[in-house]
Amino acid sequence: MAAEEILELSNGRITAKIAAWGATITSLLVPDAHGNLADVVLGFDTLEPYMKGISPYFGCIVGRVANRIKDGKFTLNGVEHSLAINNGPNSLHGGLKGFDKVVWDVVEHKSGECPSITFQYHSKDGEEGYPGDVTVRATYSLPDSTTLRLDMEAVAENKATPINLAQHTYWNLAGHNSGDTLDHSIQILGKHITPVDENTIPTGEIMPVKDTPFDFTTAHKIGARINDVPGGYDHNYVLDCGKEKNGLKHAAKLKDSSNSRSLDLWTDAPGMQFYTANYVDGITGKGGAVYGKHSGVCLETQGFPNAINQPDFPSVVVQPGEKYKHTMLFEFSA
(Lines give C-alpha, C1' and ligand atoms only; values in the text may rest on other atoms or scores of the structure.)
Protein backbone atom coordinates (compact mmCIF):
# COMPACT_ATOMS: atom_id res chain seq x y z
CA MET A 1 0.00 0.00 0.00
CA ALA A 2 1.55 3.28 -1.04
CA ALA A 3 1.51 5.86 1.72
CA GLU A 4 0.67 8.48 -0.90
CA GLU A 5 -2.54 6.81 -1.95
CA ILE A 6 -5.75 8.84 -1.70
CA LEU A 7 -8.92 6.97 -2.62
CA GLU A 8 -12.23 8.37 -3.77
CA LEU A 9 -15.66 7.45 -2.53
CA SER A 10 -18.55 8.93 -4.48
CA ASN A 11 -22.24 8.33 -5.14
CA GLY A 12 -22.86 11.23 -7.50
CA ARG A 13 -24.07 13.51 -4.69
CA ILE A 14 -21.26 13.52 -2.17
CA THR A 15 -17.62 12.76 -2.85
CA ALA A 16 -15.05 11.90 -0.20
CA LYS A 17 -11.31 11.63 -0.61
CA ILE A 18 -9.75 9.37 1.99
CA ALA A 19 -6.06 8.65 2.48
CA ALA A 20 -4.50 5.40 3.63
CA TRP A 21 -2.30 7.58 5.85
CA GLY A 22 -4.26 7.69 9.11
CA ALA A 23 -7.46 6.58 7.31
CA THR A 24 -7.86 10.33 6.86
CA ILE A 25 -10.73 12.20 5.19
CA THR A 26 -8.86 14.86 3.20
CA SER A 27 -11.84 16.27 1.29
CA LEU A 28 -15.62 15.94 1.39
CA LEU A 29 -17.79 17.64 -1.22
CA VAL A 30 -21.38 18.18 -0.09
CA PRO A 31 -24.16 20.02 -2.00
CA ASP A 32 -26.37 22.80 -0.63
CA ALA A 33 -30.07 23.19 -1.57
CA HIS A 34 -29.09 24.64 -4.95
CA GLY A 35 -26.67 21.82 -5.69
CA ASN A 36 -23.60 23.98 -5.07
CA LEU A 37 -20.77 21.81 -3.82
CA ALA A 38 -18.43 22.86 -1.03
CA ASP A 39 -15.57 21.00 0.57
CA VAL A 40 -16.69 20.96 4.21
CA VAL A 41 -13.58 19.54 5.91
CA LEU A 42 -10.28 21.20 6.78
CA GLY A 43 -7.17 19.61 5.32
CA PHE A 44 -4.29 19.73 2.86
CA ASP A 45 -4.02 19.24 -0.90
CA THR A 46 -1.19 16.72 -0.60
CA LEU A 47 -0.24 14.12 1.96
CA GLU A 48 3.12 15.69 2.73
CA PRO A 49 1.88 18.02 5.53
CA TYR A 50 0.03 15.13 7.19
CA MET A 51 3.12 12.93 7.00
CA LYS A 52 5.39 15.69 8.28
CA GLY A 53 3.27 16.14 11.40
CA ILE A 54 2.03 19.64 10.50
CA SER A 55 -1.61 18.59 10.76
CA PRO A 56 -3.49 19.09 14.06
CA TYR A 57 -5.24 15.74 13.49
CA PHE A 58 -7.23 16.99 10.47
CA GLY A 59 -9.63 14.27 9.30
CA CYS A 60 -7.86 11.25 10.73
CA ILE A 61 -8.76 8.32 12.95
CA VAL A 62 -6.99 8.59 16.30
CA GLY A 63 -6.06 5.67 18.55
CA ARG A 64 -5.21 3.28 20.16
CA VAL A 65 -6.79 5.59 22.75
CA ALA A 66 -8.30 8.89 21.65
CA ASN A 67 -8.17 11.96 23.86
CA ARG A 68 -6.07 12.41 26.98
CA ILE A 69 -4.64 9.94 29.46
CA LYS A 70 -3.51 11.58 32.68
CA ASP A 71 0.28 11.66 33.16
CA GLY A 72 0.55 9.13 30.31
CA LYS A 73 0.11 6.24 32.77
CA PHE A 74 -2.42 3.55 33.55
CA THR A 75 -2.46 0.26 35.43
CA LEU A 76 -4.23 -2.76 33.96
CA ASN A 77 -4.31 -6.22 35.54
CA GLY A 78 -1.63 -5.11 38.01
CA VAL A 79 0.82 -3.88 35.36
CA GLU A 80 1.67 -0.20 35.02
CA HIS A 81 1.97 1.05 31.46
CA SER A 82 3.79 4.27 30.52
CA LEU A 83 2.93 6.18 27.37
CA ALA A 84 4.58 9.06 25.54
CA ILE A 85 3.76 12.49 27.01
CA ASN A 86 2.76 14.70 24.07
CA ASN A 87 0.16 17.16 25.41
CA GLY A 88 1.25 19.07 28.50
CA PRO A 89 1.66 16.35 31.14
CA ASN A 90 -0.69 13.97 29.27
CA SER A 91 -0.62 11.39 26.53
CA LEU A 92 -2.95 12.44 23.70
CA HIS A 93 -4.52 10.50 20.81
CA GLY A 94 -2.39 7.37 21.04
CA GLY A 95 1.02 8.98 21.57
CA LEU A 96 3.82 10.17 19.30
CA LYS A 97 2.87 7.84 16.48
CA GLY A 98 -0.78 7.03 16.92
CA PHE A 99 -3.10 5.47 14.35
CA ASP A 100 -3.28 8.86 12.57
CA LYS A 101 0.45 8.64 11.69
CA VAL A 102 0.61 5.18 10.14
CA VAL A 103 -0.30 3.74 6.76
CA TRP A 104 -3.42 1.58 6.87
CA ASP A 105 -3.92 -1.24 4.35
CA VAL A 106 -6.84 -0.98 1.96
CA VAL A 107 -8.52 -4.37 2.25
CA GLU A 108 -11.64 -3.61 0.23
CA HIS A 109 -12.82 -0.87 -2.14
CA LYS A 110 -16.38 -1.37 -3.41
CA SER A 111 -18.38 0.67 -5.88
CA GLY A 112 -22.05 0.23 -6.75
CA GLU A 113 -25.17 0.84 -4.64
CA CYS A 114 -23.31 1.45 -1.38
CA PRO A 115 -19.73 2.38 -2.21
CA SER A 116 -17.25 1.71 0.57
CA ILE A 117 -13.57 1.56 1.48
CA THR A 118 -12.26 -0.64 4.28
CA PHE A 119 -8.90 0.10 5.89
CA GLN A 120 -7.04 -2.19 8.27
CA TYR A 121 -4.13 -1.63 10.62
CA HIS A 122 -2.28 -4.02 12.89
CA SER A 123 -1.05 -2.42 16.11
CA LYS A 124 1.67 -4.48 17.76
CA ASP A 125 2.06 -5.41 21.41
CA GLY A 126 3.96 -2.60 23.14
CA GLU A 127 3.37 -0.08 20.35
CA GLU A 128 3.37 3.40 21.94
CA GLY A 129 3.39 1.62 25.32
CA TYR A 130 0.04 -0.14 24.93
CA PRO A 131 -0.35 -3.85 25.77
CA GLY A 132 -1.27 -6.57 23.29
CA ASP A 133 -1.72 -6.91 19.55
CA VAL A 134 -4.79 -5.20 18.11
CA THR A 135 -6.24 -5.46 14.61
CA VAL A 136 -8.25 -2.39 13.66
CA ARG A 137 -10.68 -1.96 10.77
CA ALA A 138 -12.38 1.20 9.57
CA THR A 139 -15.01 1.15 6.83
CA TYR A 140 -16.19 4.38 5.25
CA SER A 141 -19.35 4.00 3.17
CA LEU A 142 -22.06 6.05 1.45
CA PRO A 143 -25.27 4.19 2.38
CA ASP A 144 -27.49 6.81 0.75
CA SER A 145 -27.27 9.97 -1.31
CA THR A 146 -26.21 12.39 1.43
CA THR A 147 -24.94 10.12 4.21
CA LEU A 148 -21.40 9.14 5.10
CA ARG A 149 -21.02 6.23 7.51
CA LEU A 150 -17.97 5.09 9.44
CA ASP A 151 -17.79 1.70 11.12
CA MET A 152 -14.74 1.12 13.31
CA GLU A 153 -13.88 -2.15 14.97
CA ALA A 154 -10.85 -3.48 16.79
CA VAL A 155 -10.00 -6.91 18.17
CA ALA A 156 -7.71 -7.30 21.18
CA GLU A 157 -5.82 -10.41 20.15
CA ASN A 158 -3.88 -11.55 23.18
CA LYS A 159 -3.98 -9.06 26.07
CA ALA A 160 -6.54 -6.80 27.67
CA THR A 161 -6.04 -3.23 26.44
CA PRO A 162 -7.82 0.10 26.41
CA ILE A 163 -9.25 0.94 22.96
CA ASN A 164 -11.02 4.18 22.15
CA LEU A 165 -11.07 5.27 18.50
CA ALA A 166 -12.28 8.65 17.30
CA GLN A 167 -12.72 10.39 13.95
CA HIS A 168 -11.07 13.81 14.16
CA THR A 169 -12.51 15.72 11.18
CA TYR A 170 -12.74 19.50 11.49
CA TRP A 171 -16.06 20.59 9.96
CA ASN A 172 -16.93 23.90 8.35
CA LEU A 173 -20.29 23.49 6.60
CA ALA A 174 -19.94 26.80 4.72
CA GLY A 175 -16.76 25.42 3.13
CA HIS A 176 -13.30 24.78 4.55
CA ASN A 177 -12.05 28.15 3.26
CA SER A 178 -14.90 30.30 4.58
CA GLY A 179 -13.40 31.58 7.83
CA ASP A 180 -14.43 30.77 11.38
CA THR A 181 -17.38 28.66 12.51
CA LEU A 182 -18.56 30.89 15.36
CA ASP A 183 -21.76 31.63 13.41
CA HIS A 184 -22.56 27.94 12.98
CA SER A 185 -25.35 26.80 15.25
CA ILE A 186 -25.12 23.52 17.10
CA GLN A 187 -27.40 21.32 19.12
CA ILE A 188 -25.66 18.71 21.27
CA LEU A 189 -27.82 15.91 22.66
CA GLY A 190 -26.06 15.77 25.99
CA LYS A 191 -27.32 17.12 29.32
CA HIS A 192 -23.96 16.63 31.04
CA ILE A 193 -20.26 17.15 30.45
CA THR A 194 -17.21 15.71 32.18
CA PRO A 195 -15.61 18.90 33.57
CA VAL A 196 -11.81 19.14 33.44
CA ASP A 197 -8.89 20.36 35.54
CA GLU A 198 -6.20 22.82 34.43
CA ASN A 199 -4.55 20.09 32.32
CA THR A 200 -7.82 19.27 30.50
CA ILE A 201 -8.19 15.97 32.36
CA PRO A 202 -11.70 15.12 33.60
CA THR A 203 -12.11 15.56 37.35
CA GLY A 204 -14.34 12.48 37.47
CA GLU A 205 -17.57 14.35 38.06
CA ILE A 206 -20.53 14.43 35.69
CA MET A 207 -21.79 18.01 35.54
CA PRO A 208 -25.22 19.16 34.33
CA VAL A 209 -24.94 21.74 31.53
CA LYS A 210 -28.17 23.53 32.49
CA ASP A 211 -27.62 27.27 33.05
CA THR A 212 -24.02 27.12 31.79
CA PRO A 213 -22.33 28.11 28.50
CA PHE A 214 -22.10 24.36 27.79
CA ASP A 215 -25.84 23.94 27.34
CA PHE A 216 -26.55 23.11 23.71
CA THR A 217 -29.55 20.88 24.39
CA THR A 218 -31.32 23.44 22.21
CA ALA A 219 -29.43 24.97 19.29
CA HIS A 220 -27.17 27.97 19.92
CA LYS A 221 -24.54 29.73 17.88
CA ILE A 222 -21.12 28.37 18.77
CA GLY A 223 -19.74 31.87 19.28
CA ALA A 224 -22.59 33.16 21.45
CA ARG A 225 -21.02 32.13 24.76
CA ILE A 226 -17.58 30.89 23.77
CA ASN A 227 -15.88 33.80 25.54
CA ASP A 228 -17.36 32.52 28.81
CA VAL A 229 -15.37 29.30 28.34
CA PRO A 230 -11.66 29.94 28.94
CA GLY A 231 -9.79 28.92 25.78
CA GLY A 232 -12.94 27.80 23.97
CA TYR A 233 -14.83 24.52 23.88
CA ASP A 234 -12.77 21.34 24.25
CA HIS A 235 -15.07 19.20 26.37
CA ASN A 236 -16.55 15.73 26.47
CA TYR A 237 -20.35 15.59 26.43
CA VAL A 238 -22.29 12.69 27.90
CA LEU A 239 -24.67 11.71 25.08
CA ASP A 240 -27.72 11.07 27.20
CA CYS A 241 -30.77 12.71 25.62
CA GLY A 242 -30.78 11.99 21.88
CA LYS A 243 -33.36 10.00 19.94
CA GLU A 244 -32.32 6.53 18.84
CA LYS A 245 -32.41 5.15 15.32
CA ASN A 246 -31.10 1.75 14.23
CA GLY A 247 -29.07 1.38 17.41
CA LEU A 248 -27.48 4.83 17.09
CA LYS A 249 -28.13 7.90 19.23
CA HIS A 250 -28.53 11.40 17.84
CA ALA A 251 -25.38 13.17 19.07
CA ALA A 252 -25.41 16.59 17.42
CA LYS A 253 -26.88 18.80 14.72
CA LEU A 254 -24.58 21.39 13.17
CA LYS A 255 -25.73 24.11 10.73
CA ASP A 256 -23.82 26.83 8.95
CA SER A 257 -24.92 30.44 9.41
CA SER A 258 -26.74 30.76 6.09
CA ASN A 259 -28.50 27.42 6.77
CA SER A 260 -27.23 26.17 3.44
CA ARG A 261 -26.00 22.87 4.90
CA SER A 262 -26.63 20.92 8.06
CA LEU A 263 -25.03 17.83 9.55
CA ASP A 264 -26.75 15.37 11.85
CA LEU A 265 -24.36 13.07 13.66
CA TRP A 266 -25.50 9.70 15.03
CA THR A 267 -23.33 7.33 17.07
CA ASP A 268 -23.27 4.43 19.49
CA ALA A 269 -20.43 5.92 21.57
CA PRO A 270 -21.15 7.18 25.11
CA GLY A 271 -19.44 10.57 24.71
CA MET A 272 -18.50 13.27 22.22
CA GLN A 273 -15.63 15.76 22.37
CA PHE A 274 -16.87 19.14 21.18
CA TYR A 275 -13.75 21.02 20.10
CA THR A 276 -13.75 24.43 18.45
CA ALA A 277 -10.24 24.44 16.92
CA ASN A 278 -8.90 26.66 19.69
CA TYR A 279 -5.28 25.82 18.91
CA VAL A 280 -5.45 26.12 15.13
CA ASP A 281 -3.41 29.19 14.33
CA GLY A 282 -2.76 30.24 10.75
CA ILE A 283 -2.21 26.85 9.14
CA THR A 284 -2.11 26.99 5.33
CA GLY A 285 -4.42 24.33 3.95
CA LYS A 286 -6.16 23.37 0.72
CA GLY A 287 -5.97 25.89 -2.11
CA GLY A 288 -3.90 28.22 0.06
CA ALA A 289 -6.74 28.76 2.54
CA VAL A 290 -5.41 29.90 5.90
CA TYR A 291 -7.09 28.19 8.84
CA GLY A 292 -7.23 30.37 11.94
CA LYS A 293 -8.65 29.87 15.40
CA HIS A 294 -12.19 28.37 15.40
CA SER A 295 -12.01 27.66 11.66
CA GLY A 296 -13.53 24.22 12.19
CA VAL A 297 -15.60 22.21 14.62
CA CYS A 298 -14.68 18.70 15.78
CA LEU A 299 -17.43 16.33 16.89
CA GLU A 300 -15.41 13.36 18.09
CA THR A 301 -17.66 10.59 19.39
CA GLN A 302 -15.68 8.53 21.88
CA GLY A 303 -15.31 6.80 25.20
CA PHE A 304 -14.76 9.35 27.97
CA PRO A 305 -11.29 10.96 28.23
CA ASN A 306 -8.93 9.29 30.75
CA ALA A 307 -11.57 6.57 31.30
CA ILE A 308 -8.79 4.04 31.88
CA ASN A 309 -7.96 5.90 35.13
CA GLN A 310 -11.56 6.72 36.12
CA PRO A 311 -13.37 3.64 37.46
CA ASP A 312 -16.72 5.45 37.41
CA PHE A 313 -16.54 6.21 33.67
CA PRO A 314 -17.74 3.62 31.12
CA SER A 315 -14.88 1.16 30.65
CA VAL A 316 -12.71 1.36 27.53
CA VAL A 317 -10.94 -1.93 28.28
CA VAL A 318 -11.31 -4.67 25.67
CA GLN A 319 -10.58 -8.23 26.82
CA PRO A 320 -8.53 -10.67 24.70
CA GLY A 321 -10.60 -12.06 21.85
CA GLU A 322 -13.27 -9.40 22.30
CA LYS A 323 -14.21 -6.79 19.73
CA TYR A 324 -14.56 -3.03 20.13
CA LYS A 325 -17.15 -1.45 17.83
CA HIS A 326 -17.97 2.19 17.12
CA THR A 327 -20.24 3.56 14.39
CA MET A 328 -20.73 7.15 13.25
CA LEU A 329 -23.35 8.33 10.78
CA PHE A 330 -23.00 11.77 9.17
CA GLU A 331 -26.28 12.85 7.57
CA PHE A 332 -26.12 15.99 5.46
CA SER A 333 -29.10 18.04 4.40
CA ALA A 334 -29.58 21.33 2.65
Side-chain angles (χ1 to χ4, degrees), residues 5-47 50 57-61 104 106 108-119 137-152 166-178 181 184-187 245-246 248 250-267 272 285-287 289 291 295-301 326-334:
E5 188 159 1
I6 298 183
L7 300 121
E8 191 170 282
L9 198 55
S10 184
N11 59 9
R13 288 275 291 160
I14 58 178
T15 302
K17 288 188 176 169
I18 307 169
W21 179 267
T24 301
I25 300 172
T26 62
S27 165
L28 185 64
L29 297 174
V30 176
D32 65 9
H34 308 290
N36 301 312
L37 292 173
D39 183 351
V40 297
V41 304
L42 273 55
F44 301 101
D45 288 317
T46 66
L47 281 182
Y50 298 97
Y57 304 100
F58 285 161
C60 57
I61 291 179
W104 296 51
V106 177
E108 194 173 55
H109 191 177
K110 282 200 262 195
S111 49
E113 279 285 285
C114 178
S116 66
I117 302 170
T118 299
F119 295 97
R137 279 197 162 205
T139 299
Y140 290 97
S141 61
L142 299 175
D144 65 51
S145 64
T146 51
T147 303
L148 172 68
R149 181 180 171 116
L150 171 59
D151 292 286
M152 294 176 272
Q167 218 298 339
H168 209 299
T169 289
Y170 288 69
W171 302 99
N172 186 330
L173 297 181
H176 76 98
N177 53 354
S178 64
T181 54
H184 278 50
S185 77
I186 191 166
Q187 180 185 19
K245 178 171 79 171
N246 303 330
L248 303 179
H250 196 194
K253 184 180 190 82
L254 182 67
K255 283 185 176 181
D256 78 357
S257 57
S258 61
N259 286 328
S260 56
R261 290 179 196 84
S262 66
L263 164 60
D264 282 288
L265 172 58
W266 300 75
T267 188
M272 183 186 80
K286 289 178 279 197
Y291 303 138
S295 54
V297 182
C298 299
L299 305 171
E300 307 156 58
T301 63
H326 178 184
T327 293
M328 303 175 79
L329 201 64
F330 305 93
E331 289 185 335
F332 296 95
S333 55

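On a predicted model such as this, the values are computed, not experimentally measured, just so you know.
You'll find the side chain of Ile61 stays beyond 4.5 Å of the side chain of Phe119, heavy atoms only. Contact annotation: the side chain of His176 approaches that of Tyr291 to within less than 4.5 Å [non-hydrogen atoms, C-beta and beyond]. The shortest distance between side-chain heavy atoms of Trp171 and Val41 falls below 4.5 Å. Looking only at side-chain heavy atoms (C-beta outward), Leu29 and Lys17 stay at 4.5 Å or farther from each other. When side chains are defined from C-beta on, Lys255 does not count as touching Gln187, because their heavy atoms never get closer than 4.5 Å. Contact of the Thr15 side chain with the Leu37 side chain is not registered, since no non-hydrogen atoms from C-beta on lie closer than 4.5 Å. Within the 4.5 Å cutoff, side-chain heavy atoms of Met328 are placed close to those of Leu265. Counting only heavy atoms from C-beta outward, the side chains of Met272 and Thr267 never approach each other to under 4.5 Å.
Across all non-hydrogen atoms, the minimal contact from Leu9 to Pro115 is CD1-C, 3.5 Å. Among all heavy-atom pairs drawn from Cys60 and Thr24, the shortest one is CB-OG1, 3.4 Å. Nearest approach of Thr147 to Pro143, heavy atoms of both residues: O-CD, 3.3 Å. Minimum interatomic distance between Gly12 and Ser10 (heavy atoms only, all atoms of both residues): N-OG, 3.4 Å. Of all heavy-atom pairs between Ile14 and Thr146, the closest is CD1-C, 3.9 Å. Between Leu28 and Ala16, the closest heavy-atom pair is CD1-CB, 3.5 Å.
If you run side-chain contact (heavy atoms from CB on, under 4.5 Å) between Trp266 and each of Leu329, Thr301, Thr327, only Leu329 comes through. No option in Thr26, Asp39, Asp45 other than Asp39 meets the side chain to side chain donor-acceptor pair (under 3.5 Å) test with Lys286.
For Phe44, the ring-ring contact (aromatic ring centres under 6.0 Å, His included) partners at least two apart in sequence or on another chain are Tyr50, Phe58. Applying the salt bridge (charged side-chain N to carboxylate O under 4.0 Å, His left out) criterion to Asp144, with sequence neighbours excluded, gives no partner residue. For Lys253, the salt bridge (charged side-chain N to carboxylate O under 4.0 Å, His left out) criterion is met by Asp264, not counting sequence neighbours.
Interatomic distance, CG of Leu42 versus OG of Ser27, reported as 11.5 Å (0.5 Å rounding). With values rounded to the nearest 0.5 angstrom, Leu173 atom CG is found 4.0 Å from His184 atom NE2. To the nearest 0.5 Å, atom OG of residue Ser185 and atom CG of residue Leu254 are 7.0 Å apart. Leu142 CG to Cys114 SG: the interatomic distance, rounded to the nearest 0.5 Å, is 7.0 Å. Interatomic distance, OG1 of Thr139 versus CD of Glu108, reported as 7.5 Å (0.5 Å rounding). With values rounded to the nearest 0.5 angstrom, Leu148 atom CG is found 8.5 Å from Thr169 atom OG1.
Side-chain contact, Tyr140 with Gln167: a donor N or O sits under 3.5 Å from an acceptor N or O.
With hydrogens and angles disregarded, no donor-acceptor distance shorter than 3.5 Å links the side chain of Lys110 to the backbone of Ser141. When atom types are taken as modelled, the side chain of His326 and the backbone of Leu150 share no donor-acceptor pair closer than 3.5 angstrom.
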Please test Ile186 against Leu299 for side-chain contact (heavy atoms from CB on, under 4.5 Å), starting from the C-alpha separation and ending with a verdict. CA-CA 11 Å; Ile186 191 166; Leu299 305 171; 3.6 Å; yes

